[in-house]
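Encoded as structure tokens, the structure appears first; notes follow it.
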Amino acid sequence: MRYQRSSALFSEAKKYIPGGVNSPVRAFKAVGGDPIFIKEAKGAYLYDEDDNQYIDFIASWGPLILGHAHEPVLNAVIEKAKKGTSFGIPTAIETELAKLAVSMVPNIDKIRFVNSGTEACMSAVRLARGYTGKDKIIKFAGCYHGHSDSFLIQAGSGAVTFGSPNSPGVTKGTAKDTLLANYNDLQGVKTLVKANKGEIAAIIIEPVAGNMGCIIPTDTFIKGLRELCTQEGILLLFDEVMTGFRLGKGGAQEALGIDADIVMFGKVIGGGLPVGAFAARDEIMSYLAPDGPVYQAGTLSGNPLAMNAGLAMLTELNNKPETFTSLANKTKFLHEGIAEVLNEKGVTHQINRFGSMISVHFCDEPVIDFASSAKGNNESFKKYFHGMLDKGIYLPPSAFESYFLNDAISYADLAKTIEAVRSIF
Ligand SMILES: *Cc1c(COP(=O)(O)O)cnc(C)c1O
């Protein structure tokens, strides 16, 4: 494939935008080479500025679960735009989306919309602190909750890829209130809670992790966290920015059978427009301004275009829950196909999968936390990534990212993807 125009565009972008990108993981630093620039996309396919076509396995990092430029979502944006793009005054559409989201997700009464997953997570933590009157939080190494200060402590994917897990600019004062535990290590969490008794407001977790590859929580671990939080008066925060409306209507809460205290959303809930949200039972949400004392606001929050895109997306998923089964079946097919090829070729690997999230790791031990994920062979990953790109398959350009399947991907696309793996090794 030729990437001439993309390379020229990247050189130009670097003159005016730091690193040429508006979000670091796009820059291909972990895999080398220049990023491709996208001109347009439709269904399962991306088209770059050199007119190359790719099967897309990132779906804008999750939101486009039904594929690119999906008609109902597209029309929702276009029709709404004709009636004005922002008012800063309430609109009926906000309640419509809120009502639908609350009906789909277990264990929540109210939801507040923001503009990104980052905003959702930082606001949820403020709410948890306000509600409990405590300062500290526990997060897990390798979990990403957006780029807000409190979370940039061993933050998974982007932050890990660039080797700056503790970003300069985050003050010691902020960092000291974030305690770090290892994923799937319940005993470690118990020890932290004991050592900080009565001081912990919240435990925040990706209930199925997707920012250190796809990592599945053990039953004992996730149930244990729930019990511990209930016993100790700690709020359990599920960061469902990736898993929400992807693992099923009710996200990871439903898939794992665990009730969280506050749930954060992003990605799918905005249908490809900038939306985040956080939700909880009434008792907790009533602490939020203007009902309660915890302040949180946003000029473009509940933006009509974004709400209408989200509404179109969630309506489709709500009416066609078989979409989730279809996605899970496709992901299983991909898993089995890649595993067969890698086994045949004698390539050491692990594949993790949950619903429509999947990751391939080039290492020989099970990947259950950040440390085991970091053992993956990055040279093999680079070869794999670029080989696949050259065959017209767009994978996440970092070994620490889960793939996100979209339902526009066909079995023929998956077969082509598996054949591409065969030709590389
Ligand atoms: C993407 C992501 C975020 C951040 O969302 P943005 O919209 O990028 O700010 C937070 N948490 C998780 C689990 C994510 O995957």
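Computed over heavy atoms, backbone and side chain alike; hydrogens, waters and symmetry mates excluded. One-based numbering, in listed order, for ligands and for the atoms of each.
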So, do Ile234 and Val193 sit near enough that their side-chain heavy atoms are less than 4.5 Å apart?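 Answer yes - side chains close enough.
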
Looking only at N/O atoms, are [X] and ligand 1 under 3.5 Å apart anywhere?
{"X": "Glu206", "value": "no"}
{"X": "Tyr144", "value": "yes"}
{"X": "Val241", "value": "no"}

Are Glu379 and Lys383 within salt-bridge range, i.e. N to O under 4.0 Å?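 Lys383 and Glu379: not salt-bridged.
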
Sidechain N-carboxylate O distance under 4.0 Å for Lys42, Glu71: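 So Lys42 pairs with Glu71 through a salt bridge.
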
Between Arg129 and Asp177, is the side-chain contact (heavy atoms from CB on, under 4.5 Å) condition met? List the steps. CA-CA 11 Å; Arg129 285 173 167 153; Asp177 285 330; 3.9 Å; yes

Please determine whether side-chain contact (heavy atoms from CB on, under 4.5 Å) holds for the pair Leu66 and Leu317, giving the CA-CA distance in whole Å, both sets of side-chain angles, and the decisive distance to 0.1 Å. CA-CA 9 Å; Leu66 300 174; Leu317 295 173; 4.1 Å; yes

Considering the heavy atoms of Ser116, write down every atom of ligand 1 situated less than 4.0 Å from one of them. 7 (O), 9 (O)

Would you mind listing which atoms of ligand 1 come within a distance below 4.0 Å of any non-hydrogen atom of His145?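 Listed by number with element: 10 (C), 11 (N).
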
Side chains of residues 236-256: which donor-acceptor pairs under 3.5 Å do they make with residues two or more places apart or in other chains?
| residue | atom | partner | partner atom | Å |
| --- | --- | --- | --- | --- |
| Asp239 | OD1 | Val241 | N | 3.0 |
| Asp239 | OD2 | His145 | ND1 | 2.8 |
| Glu240 | OE1 | Thr243 | OG1 | 2.8 |
| Glu240 | OE1 | Ala252 | N | 2.6 |
| Glu240 | OE2 | Ala252 | N | 3.3 |
| Glu240 | OE2 | Gln253 | N | 3.1 |
| Arg246 | NH1 | Ser356 | OG | 2.9 |
| Arg246 | NH1 | Leu405 | O | 2.8 |
| Arg246 | NH2 | Gly62 | O | 2.8 |
| Arg246 | NH2 | Leu405 | O | 3.4 |
| Lys249 | NZ | Asn318 | O | 3.3 |
| Lys249 | NZ | Asn318 | OD1 | 3.0 |
| Gln253 | OE1 | Asn107 | ND2 | 3.3 |
| Gln253 | OE1 | Ala260 | N | 2.9 |
| Gln253 | NE2 | Pro106 | O | 3.0 |
| Glu254 | OE1 | Gly250 | N | 3.3 |

Residue, atom name and distance, where the atom is the protein heavy atom closest to [atom]:
{"atom": "atom 9 (O) of ligand 1", "answer": "Thr118 OG1, 2.6 Å"}
{"atom": "atom 2 (C) of ligand 1", "answer": "Lys267 NZ, 2.6 Å"}
{"atom": "atom 11 (N) of ligand 1", "answer": "Asp239 OD2, 2.6 Å"}
{"atom": "atom 7 (O) of ligand 1", "answer": "Gly117 N, 2.9 Å"}

Tell me every residue that passes salt bridge (Lys or Arg N to Asp or Glu O under 4.0 Å) with Glu365, counting only those two or more places apart in sequence or in another chain.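 Salt bridge (Lys or Arg N to Asp or Glu O under 4.0 Å) list for Glu365, sorted by chain: Lys375.
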
